[in-house]
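Below, each value reflects all heavy atoms present in this structure, side chains not excepted, and no hydrogens, waters or symmetry copies. Protein chains get the first letters and strands the later ones, always in sequence-line order, with residue 1 at the start of each.
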Amino acid sequence: MPRPSPRFHRYLVAYKTIVVKEVTRFARIWLQTILPAGVSMSLYFIVFGHLIGPRIGEIAGYPYIQYIAPGLIMMSVIMNAYANVVSSFFGSKFQRHIEEMLVAPIPSAIILAGFVTGGMVRGLLVGTVVTAVALLFTELSAHSYAVVVATIVLTSVLFSLGGLINGIFAQSFDDTSIIPTFVLSPLTYLGGVFYSIELLPPVWRSVSLANPVLYMVDAFRFGILGVSDVPIALAFAVIVGCIAVLWCWSLYLLNRGVGIRS
Amino acid sequence: MSHSETNALEIRGLWKTYGNGRQALNGIDLTVRPGDFFALLGPNGAGKSTTIGIVTGLVNKTAGSIRVYGHDTDTALEAAKAEIGLVPQEINFSQFEPVIDIVVNQAGYYGIDRPLARERAEKYLKKLGLWERRHDRSRTLSGGLKRRLMIARALAHEPRLLILDEPTAGVDIELRRSMWDFLREMNRAGTTIILTTHYLEEAETLCRDIAIIDDGDIIENTSMKKLIARLNTETFVLDLGSPITAAPVIDGYRFRLVDPSTLEVEVNKALGMNALFRHLSEMGIEVQSLRNKANRLEELFIHLLDRNNGSDAPA
């Protein structure tokens with residue numbers, strides 16, 4: 001097998017270093033980063049699944065608790081991928097150790113990929129924990145493993161990118177919580193996690209279709225249960241399109257040094 | 001020009017205007033030879049850190065060119081960065097990471113594989129007296145040890161050009177001296193060193209060449225010897241054997257009575273000390289001991305800044 005070029009090898013080592021640093025960071029504080037999602041999802045399953053769920057009945061032929069499980073898993077992935085990158089990137093700006101990377105011969109794309117991979121790993125890890133919690137309350141089996149894996153990976157990448165852009169523009173710790181609280185949470189709760197948009201009046205159904213989170217939740221639900229409110233191909237097109245836009249924007253901001261170079 | 005003759009750093013026509021309109025650099029030129037121990041001096045806000053920030057990629061330039069060991073930062077930025085190790089003015093590592101991880105990760109950013117990175121970390125943490133603290137969180141280190149850690153981190157990829165921005169600010173004298181010894185050793189081993197400092201004694205003791213920057217302009221760029229040689233007066237403090245009531249008056253010398261037993265005298269090099277002692281002896285003034293009042297470089301530094309700002313102070 002041919003040896004990789006020295007430049008490729010250098011980039012690969014730098015990328016692995018950033019990923020290891022990112023994963024070590026959130027693993028070191030697992031009580032704050034991994035466990036809370038498991039606890040809050042247990043409460044969702046108890047309250048919405050066991051206490052309220054039986055009164056709601058079935059949606060799309062599935063018990064309510066089973067219907068909401070994919071959405072709850074996806075919600076955890078979205079929130080954690082985003083939170084990981086926004087807090088890590090802003091923290092590295094705040095403590096100025098982002099400069100360790102800026103003085104090194106690393107292209108912005110490698111820095112971006114490293115942070116995004118860190119967010120993705122945390123998203124997937126939390127998704128696994130929440131899935132394990134869900135299995136304590138209901139039965140889940142994959143309708144399509146390929147769709148499940150592709151959706152969860154792409155969604156965590158997308159929201160890691162979102163977190164990074166938030167981290168670039170954030171000038172205080174308050175700024176890192178504004179988007180998750182006032183934008184991300186409403187989009188997620190109104191993105192079909194707890195209901196099918198078929199239940200909404202036509203106007204609100206059309207409005208919901210403008211919410212990108214709906215496509216991720218529905219694609220994941222299709223992967224698990226085989227039911228979806230939107231065509232699966234359209235869902236993937238929306239996710240990949242959003243990733244392409246946010247990747248290019250993030251790279252542009254890093255190359256320009258916005259928020260990190262004077 | 002052969003590789004060995006390539007300058008460690010060449011700055012040509014470097015301008016920097018910040019977003020708020022502040023003009024930080026006015027087209028400066030600077031050359032640092034390979035193997036040099038170079039001092040960049042200037043008052044606060046003169047443009048030292050801006051210059052270093054631009055050279056290391058932390059600050060965007062407005063115009064101008066920079067070459068590091070022949071690598072142009074516009075066309076070969078990564079090659080230029082690989083040559084530089086930076087010890088910044090402010091502590092800028094993660095306060096929550098263990099000491100060894102900070103050094104190993106920095107080597108990783110330069111593409112150095114983990115096993116070699118660990119070897120380098122051990123080598124430099126031992127040299128800088130931090131090996132015993134390698135598993136401690138960095139925030140538990142004292143201020144002086146944090147500065148040493150930043151030096152170890154800057155050396156992890158063994159750069160040919162080491163830039164230190166105020167490395168001994170706030171460091172006690174003992175630690176400062178041991179850092180000087182370490183830097184001298186690095187320089188003797190071939191590393192080019194650029195140092196910014198407020199301690200003029202530090203620059204005079206360590207550096208061979210010097211540039212003084214003020215208000216975004218290089219107002220002096222020469223060898224330390226030539227700069228010091230320009231001083232034609234020196235001030236001494238004389239401790240007297242018996243008290244006197246008034247400062248003596250002798251042609252060519254300027255006296256100031258600090259207290260009845262302490263006399264300050266500004267001596268012109270052309271007149272020398274023998275004539276001074278002869279005159280004092282004739283006047284019955286007994287000198288027990290003498291010492292330099294101020295660092296010589298400090299006098300010259302202040303004079304150069306005064307001249308740049310339009311004052312007319314004598315040299």
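- If you measure heavy-atom distances from B/I91 to chain A, the contacts under 4.5 Å come from the backbone alone.
- Expressed to the nearest 0.5 Å, how far OG1 of A/T24 lies from CZ of B/F96 amounts to 15.0 Å.
- For the atom pair NZ of A/K21 and CG of B/N105, the computed distance is 6.0 Å after rounding to the nearest 0.5 Å.
- With hydrogens and angles ignored, the 3.5 Å screen pairs a side-chain donor or acceptor of B/Q106 with a backbone N or O of A/E100.
- Interatomic distance, CG of A/L102 versus OH of B/Y109, reported as 10.5 Å (0.5 Å rounding).
- Within the 4.5 angstrom heavy-atom criterion, atoms from both the backbone and the side chain of B/L58 approach chain A.
- In this structure, the side chains of B/R114 and A/V20 come closer than 4.5 Å at one or more pairs of heavy atoms.
- With a 4.5 angstrom heavy-atom cutoff, B/I112 touches chain A only via backbone atoms.
- B/P159 does not touch chain A: none of its heavy atoms, backbone or side chain, sits under 4.5 Å away.
- No part of A/Y15 comes within reach of chain B, as not one of its non-hydrogen atoms sits under 4.5 angstrom from that chain.
- For a residue to count as touching a neighbouring chain, one of its non-hydrogen atoms must lie under 4.5 Å from one of that chain's; by this rule B/Y18 touches chain A with the side chain only.
- Here the OG-CZ distance, from B/S94 to A/R25, works out to 9.0 Å after rounding to the nearest 0.5 Å.
- With chain B as the partner, the residue from A/G114, A/P107, A/G91, A/S92 showing the most heavy-atom pairs under 4.5 Å is A/P107.
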